[in-house]
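One structure is given here, and the rest of the page talks about it.
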Amino acid sequence: MIIYKSDQELEAMRQSGRIVARILSELEPLVRPGIRTRDLDLYAEKRARELRAVPAFKGYRGYPASVCVSVNEEIIHGIPSGRILQEGDVVSLDFGVLYEGFFSDSALTVPVGRVSAEARKLVGAAERAFARGLEQMREGNRLSDISAAIQRSVEEEGFSVIRQFVGHGIGRALHEEPQVPNFGTPGKGPRIRAGMVLAIEPMIALGGWEVDVLEDGWTAVTRDRSLAAHFEHTVAMTPNGPEIMSARARDEAQPRPDVLKESPHA
Ligand code: MF3
Ligand code: CO
């Protein structure tokens, strides 16, 4: 069952989304050579608590951290560790919070220093696919119009769409109905209407779409170990049209030095 949100509930989700946006904005400039992936997780968890939000992923089905940090061939669910990021890596950061009863969820992929032209194009393609999907978020369209637009966009750029993981409804639960695949034929599924809130999240690869999950039980990698990228926002269909609840503001891309200095490698 799809849970449609009232205007009041949309306002709460907007506040939740702002917190995720702000923390991801602050994390982005920390992604540079020499930082440990765990430092990014510690930063996000601390900032979430300062902003009176609860990290959404920690403890979810036993996931051990607040952020998913997925490097290179890792698609999603990378567990933060002592791994040190290096120039040329591409790093997906996926983060969600629970704030006043409502979840929000967002991800982006960040190049570490200078990366290959191919990597840059892949990272851009994930965001462009999201944008093409979002264009289909129109009253009266059907859900699979979003899916089909994402697939078309990714494949036109010569990349592949991961099938094993999908976007989702979001609200009082991190994962609600409906599932939002990043592939499919248009014109199917429920109609899009006000109150629907979706986490739209293309996951794409340079090579094939097949996935392996590593021994840790979480980290999803491309089977051919080609580079992957991920881009996600929590998006609401409001009475005034589509709205990106987790939209980042440029002027927030500044980590808090006080939080930072307690991470020795940051
Ligand atoms: N964005 C991911 C999702 O929607 C984050 C979940 S990570 C988990 O499923 F650890 F919480 F599972
Ligand atoms: Co999600």
Side-chain angles (χ1 to χ4, degrees), residues 2-3 5 13 16-21 23-24 27-28 37-38 40-42 44-45 48 53-71 74-81 91-99 102-110 126-127 129-131 133-134 137 143 146-147 150 161-183 196-205 211-222 228-237 242 244-248:
I2 295 172
I3 301 168
K5 279 76 179 176
M13 293 204 73
S16 179
R18 272 198 202 115
I19 294 171
V20 159
I23 294 173
L24 280 174
L27 282 177
E28 188 176 355
T37 59
R38 187 183 289 126
L40 300 169
D41 184 62
L42 295 173
E45 176 157 6
V54 180
F57 303 163
K58 198 164 200 171
Y60 181 86
R61 299 181 180 217
Y63 185 73
S66 297
V67 184
C68 300
V69 184
S70 308
V71 185
E74 298 173 358
I75 308 159
I76 53 167
H77 299 167
I79 300 173
S81 69
V91 179
S92 135
L93 303 175
D94 190 349
F95 183 58
V97 301
L98 173 63
Y99 182 75
F102 288 91
F103 285 92
S104 48
D105 184 4
S106 181
L108 77 164
T109 301
V110 186
E127 182 163 2
F130 167 82
L134 180 66
M137 190 115 173
L143 191 71
I146 298 171
S147 307
I150 290 171
V161 160
I162 302 300
R163 269 88 165 142
Q164 191 169 324
F165 301 98
V166 297
H168 48 95
I170 181 168
R172 290 190 181 273
L174 176 60
H175 297 129
E176 292 182 357
E177 285 180 31
Q179 292 198 352
V180 187
N182 296 302
F183 58 96
M196 205 180 231
V197 186
L198 304 174
I200 300 176
E201 49 178 320
M203 290 154 266
I204 73 173
V211 170
D212 285 331
V213 175
L214 300 185
E215 298 277 79
D216 61 19
W218 281 102
T219 313
V221 300
T222 52
H230 179 203
F231 193 89
E232 173 179 24
H233 275 303
T234 296
V235 180
M237 192 66 204
I244 302 178
M245 302 309 219
S246 50
R248 288 181 291 279

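We use all heavy atoms of the structure for the numbers below, so side chains are in, but hydrogens, waters and symmetry mates are not. Counting starts at 1 for both ligands and their atoms, following the listed order.
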Side chains of His230 and Glu74: does their closest heavy-atom pair fall under 4.5 Å? no
Counting heavy atoms under 4.0 Å, the part of Cys68 that contacts ligand 1 is side chain
Tell me which N, O or S atom of Glu201 sits nearest to the Co ion (ligand 2). OE2
Element-labelled atoms of ligand 1 that are located less than 4.0 Å from some non-hydrogen atom of Glu232: 1 (N)
Starting from atom 5 (C) of ligand 1, locate the nearest protein heavy atom and write down its residue, its atom name and how far away it is, to 0.1 Å. Phe57 CZ, 3.3 Å
With heavy-atom distances below 4.0 Å as the criterion, list the atoms of ligand 1 near Tyr63. 10 (F)
Would you please indicate yes or no on a ring centroid separation below 6.0 angstrom for His168 and Phe103? no
Identify the heavy atoms of Asp105 and Ser246 that sit nearest to each other, and give their distance. O-OG, 4.2 Å
Tell me which part of Trp218 gets within contact of ligand 1: side chain, backbone, both or neither, using heavy atoms under 4.0 Å. side chain
Tell me yes or no: between the side chains of Ser16 and Ser104, is some donor less than 3.5 Å from an acceptor? yes
At less than 4.0 angstrom from any non-hydrogen atom of Tyr60, what atoms of ligand 1 do you find? 8 (C), 11 (F), 12 (F)
Can you name the atoms of ligand 1, numbered from 1 with element, that are less than 4.0 Å from a heavy atom of His168? 3 (C), 4 (O)
If the cut-off is 4.0 Å to any non-hydrogen atom of Glu201, which atoms of ligand 1 fall inside it? 1 (N), 3 (C), 4 (O)
Note the single closest protein heavy atom to atom 3 (C) of ligand 1, along with its residue, its atom name and the distance in Å. His175 NE2, 3.3 Å
For atom 2 (C) of ligand 1, what's the nearest protein heavy-atom neighbour? Residue, atom name and distance, please. Asp94 OD2, 3.2 Å
Once rounded to 10 degrees, what value does the angle at the Co ion (ligand 2) take between NE2 (His168) and OD2 (Asp105)? 90°
I need the minimum non-hydrogen distance between Ile2 and Pro178, along with the two atoms involved. CG1-CD, 3.9 Å
May I ask you to list the atoms of ligand 1 that are less than 4.0 angstrom from any heavy atom of His77? 6 (C), 7 (S)
With under 30° as parallel and over 60° as perpendicular, where do the rings of His77 and Trp218 fit, or are they tilted in between? perpendicular
Which is it for Arg61 and ligand 1 at heavy atoms under 4.0 Å: side chain, backbone, both or neither? neither
Between Phe95 and Ala48, the two heavy atoms sitting closest are CZ-CB, 4.1 Å
Before signing off on this row, confirm whether Asp105 and ligand 1 have an N or O atom pair separated by under 3.5 Å. yes
Can you name the closest pair of heavy atoms from Ser92 and Ile75 and give their distance? OG-O, 4.1 Å
Check Ala220 against Phe165 and note the closest heavy-atom contact, atom names and distance. CB-CE1, 3.7 Å
Restricting to N, O or S atoms, which atom of Glu232 is closest to the Co ion (ligand 2)? OE2
Which heavy atom of Asp94 sits nearest a heavy atom of Ser106, and at what distance? OD1-O, 3.2 Å
